[in-house]
Structure formats: structure tokens, C-alpha cells
Amino acid sequence: MKPLDPRLVRVAGAVRLHLGVSVVSGVLVTCLILLQSWLLAHTISGAWGGAGMDTLGPAIGAVVAVAVARALLSYAAETSALYSAARTKSQLRRRLVAHVTGGPGRVWTAEHDGQGSPRAGELVTLATRGLDALDDYFARYLPQLVLSVIVPMAVLTVVFWADWISGIVIIVTLPLVPIFMALIGMYTQERTDRQWKLLSRLGGHFLDVVEGLPTLALFRRAKAQAAIIRKVGDEHRSATMGTLRVAFLSAFALELLSTLAVALVAVEVGLRLLGGHMDYQTALLVLILAPEAYLPLREVGARFHASMEGVSAADQVFAELDRERGVEERSRATARTGVPPRQSRGDLRLEGVGLTYPGRRRPALADLDLTVHAGEHILLTGPSGAGKSTLLSLLLRFNAPTEGRITVRAPGGEWTALTDVSVDDWRLGIAWVPQHPYLFDLSVADNIRLGTPEASFEQVREAARLAEADEFITALPDGYHTRLGERGTRLSAGQRQRVALARALCRDAPLVLLDEPTAHLDPENAAVVRTAVTRLLAGRTAVIAAHDTGWLRSAVGDTLREVVLHAPEIEEGSLSR
């Protein structure tokens, strides 16, 4: 691990301010250490020489004042450090959330680690418990790192001025401490990384189990999953204890090394003092300052272990932020306008498009050629794994093609690469209904107007009516003001799907993407959803991914062009009815 991660300095302005405060505090603390050491040596030698309280009183008062000043300075520096840590954690969390929710290649589409990215539970652990561990890094490790540079140099300067022989002893033994720290740190890094990965894995798996608990209970698999959590928990416990053992042993090794070095200085000072080659005050000054030269290095070693978890978490955040950075930078090249682009009302063309997720050999989608004309309705069919949802993720720009290209054309315009259109603007022109729509613990009306927060209540109710949802919403205890609970637990699967369709209708976007909208619904609810989809698709371009062949027999079936995906090939044909 680098002593100071430059990415933290670049990303978080609070880090730069904190480093400045740490340097100033370090200089002041160093001055106070030197002053306190001289005052102590002067006071003790004066008392040994028989000086009275009238002479020693001011010196004793100065020692107390310096001690109080050091305590106040340490308090102020740590308070500033914790404030900087809070700001930095907030900045990193905001960037992580923005990365997850606002661009191509987003992690929340990779529920099964298909893109080599953390799953939802791991991201939660990373953004909470992981980044919280940065407090030790900012409040203790970084200030101690500054002191480990300033204090030994200042102490060595004063000791050389007072007694050059002791200065040589210190300058020879002092480098041994950072050498041992580096050796121990290289060994500890791997253990800490493993500990953090196990903690992330435990958090992710635990969240998956909690979310799927009803299903696990139904299929009598709850005990098996509990055993897996127990196993992962035990692995994390073992890794944590192993890291702690290394930390304790390294602290012991550094303490022993520093103690022996200070003892060596004390022996040579004592022998020369007995031989009359050194005065008492100088000997005291050297003996008081010698431990101060080693103390910051010992402390930085101890703080290093305490801060490692936070640094590992920050490193994972940066790895996540850097993922597919090139695609995002190309997307940002086009300025956001805040309105849907004209291309979303035109044609779409995919030429040789393929996508292979990192860490996988088999492509999720390969060599796809497809043109979708404005106002056309496409039905994607094919077996699981053929790439239907992958194709929708490309159109949503949650992912970028690893081969081929996607172009768009506004009505009467020229073909343009999709990457040349602002991501935010492109999504403003899309209404998306996923297979498992997420409903928030808000009112029904707020869930419907999620994509159009400025929509009036009349618009919300009209969208619900078109989605065949008005009747059951009105029957809820508070109607449209009824809170749905987390993930819409108050509603059935069919009702949740119709609320999602109402959300899409309220958005009134020119391009509609639907991913298995009738999956897992009984025939009655599926028929109701298809009826609502018929209204949603009127006058819009649409791409529907579905296994359900009932779409071909529905009211919207006459307008559908079926595209059959066979991974990795595609077979395109038109429906004749």
C-alpha cells in the first residue's frame, strides 16, 4: 500500500485541506516536543543542582503550559481530521451512487457478477461499513505519517547539535524501523485485502438471503443458506483474527526494536556521563529526545494496521469508479441538454453488435445486426441466455458493446453513433418496464410519477387508468396516497407490473423497452398487462423481450415484428397473421 493514495487527493478536496492542516499541526507539535524536552532537561538538572522554586517555578509552569498546548493541538487536529474524513466519505459515496445510477456499464445490472462488479449487498457493505473505516486513516494514520517525517528530522537536528555521537547512533538505528514496517506491511496487505473481500462477500450473500427468504422458506433451502452464511462468517472471523495476530506481532517487533535502539543510546550516554565527557543537562536532553525520534515511526506502524480496512475499501471504490471509464468519458463529450434527443424518436441500427462480460469467455450477445424503424414494435424471443436482456441493457446504455456499434437517426436526419448522444438525455427519451420493477416505500402516486416528478395528479391517474391500475389503487386504504412499503410489498406481482406500466405511460417517452413484463404472472394478470401495453405502445417505438408466446395472440400482436435470438446467432423474421 502507498503511504498516501494520490487518488484520494485528486478526488476529495477535503483531503488536500486535511493534509495542509496535518502539516501545520505536525510542525507545531514538533516545536512543542523540542521545547518540552528542553524545559524538562533544564528543570530536572536545575533541581539536581539545588535551584530553588523561585527559579524552577516558571520552568515547571512552562512545562505544564506546553503539555496543555500539545493536548489542545492534538484535539483540534483530530477534530479537523474527522471532519475531513466525513466530507471525503460523503464525496466518495456520492460518486459511487452517481456511478451506479448514472452511466453505461452500471453495477446494479450485474446481479450475478457478470461484469466482474460487486453485487448490491457488497456495494452496500462497501459504501457503509467499508468507507466508515476511513476515519482511522484520516484521524490517526495521515497525521502520524506527517509526524513520522517531521519529528525524527527535527529531533536528529537537535541531538546532533547537542551530542553528535548520540546523533550517529540514532541515525544508524532509525532506518531499521521503516524497513521492518515495509516488510510487515507487504505481508499484511494481502491478509487485509482477503479480510475485506470476505466481509463484502458475507454482506452481499446475507442481503441476497434476506431478500429471497420467502422463496428459500418455500423450497426448504433456508437452512442450507444459513450454513453457507455460517461458513463465510467463519472464514471472515479467521481472516480477521489472522490480521490481528500480524498487527499485534508487528507492534511487538517495532516496540522491541525501538526500545533496543533507545537503550543503546542510553548506554553510550550513561558511560560518557560517568566518565565526565558529558554534562548532566545535555545527557537528559538526549535521553528525553531519543524516544521521541522513534515514537512517530512506531505509531505510524500501529495506525497503518488500523487504517488498512478503510484503505482497501477506498481502493475498491476507485476500482469501481474506474471501470469502463473510457466509455463514460466518451459519453460525457456530448453536453447534457435536459431534453430527450430527437434521435430517440427515430430509427435504431445495430451492426455486428456483441457483448462479452469481463471474466467470461462466452459472449452474452454476438454479431447482432438489427434495424428498428421509428414507430416499429419488435418482439425479441429466444431461449434463456440468448441475449434478450443484454440487448435491452445496451439500448438503455447500462452496458457498451464490446464489438460492433449502435447508431441512431433522428427523423429526416443522419445516422449518429449512440455514444455521441448524452447518456442522461438519451434516457429521458426511454420508458423502461423491467421484469421485476422496483417500487419504493412511497405513495402510489409518487411511484408512478418517478420519471416525471412534475406530473400532476390528473396525469398520474390517467396513466394508472390506461395501465388498468386505477381500480385497485382506488381500493387501497388511502388510494393514490397509500404507501406501498419496501419493494411494493402491499401489492401483488400483477399489480406491481401495472404500476410500472403506469409509470412508463406517465413518462410519455418515444422509445419503450420492456423486459419480460408478463413473466411469473398468472394468465388473467398477464392478459391485463398486455392490454395496458397495447395502449403504451401506441405511436411509440418499442422493443419487448419475452418468452411468453401469448404476445403474438394479443391485441398488440398484429403490430409486432418477431426477432428470434439464438446465441450467438440471430434469426430475423416477420410475423404473418
Side-chain angles (χ1 to χ4, degrees), residues 3 23 25-49 59 62-63 66-67 70 74 140-141 143-187 247-305:
V23 170
S25 301
V27 171
L28 294 176
V29 166
T30 302
C31 293
L32 291 175
I33 288 173
L34 297 177
L35 179 60
Q36 188 178 40
S37 300
W38 181 85
L39 287 171
L40 281 172
H42 175 72
T43 303
I44 295 173
S45 63
W48 184 263
V63 170
V66 170
R70 284 185 66 178
S74 298
R140 296 172 180 85
Y141 175 70
Q144 200 62 49
L145 188 64
V146 173
L147 290 177
S148 69
V149 175
I150 298 176
V151 173
M153 292 178 61
V155 168
L156 274 173
T157 302
V158 174
V159 170
F160 263 106
W161 169 76
D163 179 38
W164 64 271
I165 296 177
S166 299
I168 290 176
V169 174
I170 293 175
I171 204 171
V172 169
T173 57
L174 194 62
L176 296 176
V177 179
I179 290 173
F180 273 81
M181 279 173 50
L183 294 174
I184 294 169
M186 287 187 290
Y187 178 68
F248 290 142
L249 289 174
S250 66
F252 171 74
L254 294 177
E255 288 285 346
L256 180 61
L257 183 62
S258 302
T259 302
L260 291 176
V262 172
L264 187 60
V265 173
V267 168
E268 58 90 9
V269 166
L271 290 176
R272 286 189 295 132
L273 185 63
L274 289 174
H277 301 296
M278 180 183 288
D279 63 275
Y280 189 54
Q281 183 169 336
T282 301
L284 277 175
L285 180 63
V286 171
L287 289 176
I288 292 172
L289 283 176
E292 296 288 351
Y294 299 96
L295 180 62
L297 293 173
R298 284 160 36 202
E299 287 294 317
V300 81
R303 305 304 183 193
F304 171 82
H305 293 289

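Throughout, residue positions are numbered sequentially from 1 according to the sequence presented.
Rounding to the nearest 0.5 angstrom, the gap separating the CZ atom in Arg272 from the CD1 atom in Ile165 is 4.0 Å. Atoms CG and CG, on Leu35 and Leu40 in that order, are 9.5 Å from each other to the nearest 0.5 Å. How far OG1 of Thr43 is from CD of Gln36: 10.5 Å, rounded to the nearest 0.5 Å.
Between Val269 and Ser166, the shortest heavy-atom distance links the atoms CG2-OG, 3.4 Å. When all heavy atoms are compared, the tightest approach of Thr282 to Ala162 is CG2-O, 3.6 Å. Pairing each heavy atom of Gln281 with each of Ala41, the nearest pair is O-CB, 3.8 Å. Residue Val66 comes nearest to Leu39 through the heavy atom pair CG2-CD1, 4.0 Å, listed as atom of the first residue, atom of the second, then distance. Ile168 and Phe160 get closest at one heavy-atom pair: N-CZ, 3.8 Å.
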Acceptor/donor pairs from residues 287-296 side chains to any protein atom, 3.5 angstrom cut, sequence neighbours excluded:
{"unit_1": "Tyr294", "atom_1": "OH", "unit_2": "Thr173", "atom_2": "OG1", "d": "2.4"}

- [ ] Could you give me the CA-CA distance, side-chain angles and deciding distance for Val159 and Val265, then say whether side chain to side chain contact (heavy atoms under 4.5 Å, CB included) is met?
- [x] CA-CA 11 Å; Val159 170; Val265 173; over 6 Å; no

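For Arg70, there are no salt bridge (charged side-chain N to carboxylate O under 4.0 Å, His left out) partners two or more places apart in sequence or in a different chain.
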